[in-house]
Amino acid sequence: MNYLELTHKLIHILLTEPRLLFCYFKALLKGFGYIAYFRLFKPNIVIKFPFFVYYRLKISGPGKVFINRGCSVYANSFDGLVITTLSRHAQVIIGKGCDLGGMTIRCSNRISVGDFVMSANCLLQDSLFAVRRQPNLKRADQVEREKTSSSLSIGSRVWLTGQTILLAGTDIGDESVLGVGSLCFDRKIAKSHLAVGNPVVSSVSIERLEKMVSSG
Amino acid sequence: MNTLIAALRGYCFKQRCRLLRKNIKIGSGLKLYCKLEVEGKGMISIGNNCTVSRINGDNRHYVTIYTHDPTAVVSIGDNAMLYAARISSKFEIRIGNDFLIEESGIMDTDFHTLSPDRSPPLETKEKCSIVIGNRVSIGARSVVCKGVSLGDDVVVWPGSVVKKTVPSGIEICGNPARAIR
C-alpha cells in the first residue's frame, strides 16, 4: 500500500462513513506509537509506517520481527496480534497490507507471511511445543526432528480462516484458502487451492470448485 | 528474579492451602508464574517441583483446576509443567511424572446429556476416569476427552482431539486423534 492508495482509502471512508474516520486516525496514531516504542527500546523489531492497531498487540522475545508497511491489527475472538520469538535466531517476516486479526505466532526458526494475507484467530507455530523440555525427557526422533526443523511459509493473498493451526513444514501457495478448524503440517499446498481437514490430507483447486458450483 | 517471585508465590499458595483448604495437597518447590485457580471440594494433589505458567507472550490465559464433585480426584505427579492448562474433573484424573501441557483442556465428563433439557449425564467412574502416564506432552489447543488413558512417552500434537486410549510411545494428531506414520 503506497501513500496514493492510502489517500484514496481516506477519501473513500470520508465519503461513505465519516464516523469511521475517527477510528481510522486513532488506529494510525496507536500504530505510530508502537513503531516509535519498538524503534527506541527494541531494535530487533522493525515495523514500517503506516501500521493500524485497532486492538491489542504484543510482540516479545529475543528474535527478529519485521512487519512491512500497511498492515493492520484487528480484534478476532478477543485476540489481537501476539508474536513470540522463542530463540535468538528466530525470524518472523510479515508482508505488506496484511489484515492480522487474532493471529498468534510462536516462532523458533523462521516464519514468513506474504503480502495481503487475511487471518482470523489462527496459530502459526514452527515447533511442536512452545515450552522447551529437558533433553533427557525427549525421545530420540523428537530431538532429531527439532534439529532439522523446517520453516513455515505462507504466500500472498492467502486466506487463513478461523481456528486454524499451521505447524512446521507448511508451505501455502499464493491465493490459497485454508478451511475452518484445519491443521496443516509437513505439507505443500499449491497455488489457489482449498485445503480442509484436521490434519489436512489433500487440497482441491478453487477453479475446479467454482466450475462445480456453477454447473450445479 | 522472575523465578524467585514465582517460587515465593508458590510457597505462599502452598501455605494458604495448608491452612484454609485441606483438600489441596501441594509438594515442595511449586513455581507460580501466573494465577492458579482451584475450585471445588474434590481432592487435588500436585507433586514436587511443578511449574504453573502461561505461555510466553500470552496474557489472557491462566491455569484452572476444577472439581465438580466431592469425590473427584485430581493427582498430578512430580516435575509437571502446566502452561495455560484447563483441568476439570468429576471422577478421577491421574497424571504421571514429567507432564507437559500447553493451552489445552482435560475433562473426564461431558457435563450434559444429549436430551434437550441438558441434565447431568449418568456416568460411571470406571468408564470415565482418565489416566495419563509418565513423560507425556500435550500440544496447544487440544482436548483430552473422558475415558481416555495415555501411555508413557505419548506426544499429542497441537490441535488434536483425543477420544480413544493410546498405547505408550506413540505420536498422535488430528480430530479424532490417530497415530502419525
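Within every chain, numbering begins at 1; the chains are lettered A, B, ... in the order of the sequence lines, protein sequences first and strands thereafter.
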Query raised in the report: Heavy-atom count around B:Lys25 NZ within 6.0 Å, excluding the residue itself: above 12?
Result: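 Count not over threshold, so no.
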
Report task. Please look at B:Leu100 and chain A and tell me whether the side chain, the backbone, both or neither of the residue comes under 4.5 angstrom of a heavy atom of that chain. Result ->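 Both backbone and side chain.
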
Decide yes or no for [X] and [Y]: does some side-chain heavy atom of the first lie under 4.5 Å from some side-chain heavy atom of the second?
X        : Y        : value
A:Thr104 : B:Arg141 : yes
B:Val155 : A:Phe129 : yes
A:Phe185 : B:Pro158 : no

Query raised in the report: Checking heavy atoms, do the side chain of A:Ser182, its backbone, both or neither come under 4.5 Å from chain B?
Result: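 The answer is neither part of A:Ser182.
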
Looking only at non-hydrogen atoms, find the nearest pair between [X] and [Y] and report the distance.
X        : Y        : answer
B:Gly174 : A:Pro199 : CA-CD, 3.6 Å
B:Glu102 : A:Val131 : OE2-N, 2.9 Å
B:Ile55  : A:Ala130 : CG2-CB, 4.1 Å

Query - For chain B, which residues of residues 74-87 of chain A have heavy atoms nearer than 4.5 angstrom - result: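 Checking residues 74-87 of chain A against chain B gives A:Ser77, A:Phe78, A:Asp79, A:Val82, A:Thr84.
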
Query raised in the report: How far does CG of A:Leu128 sit from CH2 of B:Trp157, to the nearest 0.5 angstrom?
Result: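 If we round to the nearest 0.5 Å, A:Leu128:CG and B:Trp157:CH2 are 5.0 Å apart.
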
Report task. Starting at SG of B:Cys173, measure out to CG of A:Leu167 and round the result to the nearest 0.5 Å. Result ->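 It comes to 7.5 Å.
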
Query - Any donor-acceptor N/O pair, A:Asn198 side chain to B:Ser160 backbone, under 3.5 Å - result: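 Checked: no pair found.
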
